[in-house]
**Student:** 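My questions will all concern the structure given below.
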Number of protein chains: 2
Amino acid sequence: MGQNYLDVKAKFIRGFSDKTRLQILECIKNGEKTVSQIVEELQGNQSNISQHLACLKGCGIIVGRQEGKYIYYSLRNEKIKEMLELFDEVLNQVQTEVAQCDSHLY
Amino acid sequence: MGQNYLDVKAKFIRGFSDKTRLQILECIKNGEKTVSQIVEELQGNQSNISQHLACLKGCGIIVGRQEGKYIYYSLRNEKIKEMLELFDEVLNQVQTEVAQCDSHLY
DNA sequence: TAATCATATTAGTGAATACTAATATGAAAT
DNA sequence: ATTTCATATTAGTATTCACTAATATGATTA
């Protein structure tokens, strides 16, 4: 009972569609960091960050590597970074409009 | 009390993160279509599609133009199409993995 | 102007998701 | 081997979101 391609695609993109996760991605964009570094930089809650990291990992967006008791997370590859940059590029064109929109639903 | 940049960015990306909306985008990727054409091609519900169109429009992803009693929707610009293509490209690398992931949360 | 057609909006409900607090795992240091 | 430290997992709750059904708007045609 298949997730078809579009289900998977939606799930993948949903990885990027949350403020906290975007913060995490910004945080590790230029190099791997441990969970506690991320928690500290974001002034976040350890459990919450850990869950978002699991989400990002499950979505194929980041990877983790263990070294001793630390786990270092980083972007999965350069394509992900490109994607983040393209988001910014396109968003520049529409930002004001998007900020104003207040559809009752979304 | 401001949506800051990352709030807006998350909102923008959330526009892409739903199966029905991705179907709509596929449907109009190569040229504008009316609401009823989209409803028919997707075998969807008029109200539901209309709400998703409002979402996509509010997110700056599509534009609509009225002609008589019809409204034609299309991608906002070429950058959006690029973005859809980049999604596909990156997803090819991670699809299997993402499909398997079943984080209880996300 | 009444009826029809295309689309949008509203209200209500159920499902998915993000959060916090508490607990568990597993590696390292004592 | 016990404690400590880094991270993950679980449970529970509140919020957000997608869906359906019903109604409203606004343009066109009769």
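In what follows, chains are A, B, ... by sequence order, proteins preceding strands, each numbered from 1.
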**Student:** Could you tell me how far apart N45(A) (CG) and dC19(C) (P) are, to the nearest whole angstrom?
**Tutor:**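 Going from CG in N45(A) over to P in dC19(C) covers 9 Å.
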**Student:** Do E40(A) and S36(A) have side-chain atoms, one donor and one acceptor, less than 3.5 Å apart?
**Tutor:**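 Short answer, no.
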**Student:** Without decimals, in angstroms, what is the distance between Q23(A) CD and dA18(C) P?
**Tutor:**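 So the two atoms are 14 Å apart, to the nearest Å.
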**Student:** In the hydrophobic clustering (ILVMFWY, side-chain contacts below 4.5 Å, transitive), which residues join Y72(A), or is it alone?
**Tutor:**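 Members other than Y72(A) - counting any ILVMFWY side chain reachable under 4.5 Å - are Y70(A).
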**Student:** Measure the distance from CD1 on I38(B) to C1' on dA6(C) and round it to the nearest whole Å.
**Tutor:**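 Rounding to the nearest Å, CD1 of I38(B) and C1' of dA6(C) are 12 Å apart.
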**Student:** Detail all sub-3.5 Å separations between protein N/O atoms and N/O atoms belonging to nucleotides 2-8 of chain D.
**Tutor:**
from	atom 1	to	atom 2	distance (Å)
dT7(D)	OP1	V35(A)	N	3.2
dT7(D)	OP1	I71(A)	N	3.2
dT7(D)	OP2	S36(A)	N	2.6
dT7(D)	OP2	S36(A)	OG	2.3
dA8(D)	OP1	Y73(A)	OH	2.6
dA8(D)	OP2	S50(A)	OG	2.8
dA8(D)	N7	Q46(A)	NE2	2.8
dA8(D)	N6	Q46(A)	OE1	3.1

**Student:** Which residues, ordered by chain and number, are linked to V63(A) in its hydrophobic cluster, where ILVMFWY side chains connect at heavy-atom gaps below 4.5 Å, directly or through other members?
**Tutor:**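 None; V63(A) is a cluster of one.
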**Student:** In whole angstrom, give the distance that lies between atom CZ of R14(B) and atom C1' of dC17(D).
**Tutor:**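 My rounded result for the distance is 9 Å.
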**Student:** Between C1' on dA27(C) and CD on Q66(A), what's the gap in Å once rounded to a whole number?
**Tutor:**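 In whole Å, dA27(C) C1' lies 7 Å from Q66(A) CD.
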**Student:** Could you give all pairs that pass the salt bridge (Lys or Arg N to Asp or Glu O under 4.0 Å) test and reach residues 43-69 of chain A, with sequence neighbours left out?
**Tutor:**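 Matches after skipping sequence neighbours: E32(A)-R65(A), R65(A)-E67(A).
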**Student:** Just how far, in rounded Å, is P of dC19(D) from CD of Q51(B)?
**Tutor:**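 In whole Å, dC19(D) P lies 9 Å from Q51(B) CD.
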**Student:** Please list every donor-acceptor pair under 3.5 Å in which a side-chain atom of residues 83-93 of chain A meets a protein atom from a residue at least two apart or in another chain.
**Tutor:**
from	atom 1	to	atom 2	distance (Å)
D88(A)	OD1	Y5(B)	OH	2.5
D88(A)	OD1	K9(B)	NZ	3.1
E89(A)	OE2	K79(B)	NZ	2.6
Q93(A)	OE1	N77(B)	ND2	3.0

**Student:** Considering residues at least two apart in sequence or located in another chain, which fulfil the side chain to side chain contact (heavy atoms under 4.5 Å, CB included) criterion with I49(B)?
**Tutor:**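 With sequence neighbours excluded, I49(B) shows a side chain to side chain contact (heavy atoms under 4.5 Å, CB included) to T20(B), I24(B), I38(B), V39(B), L42(B), L53(B), given in chain and number order.
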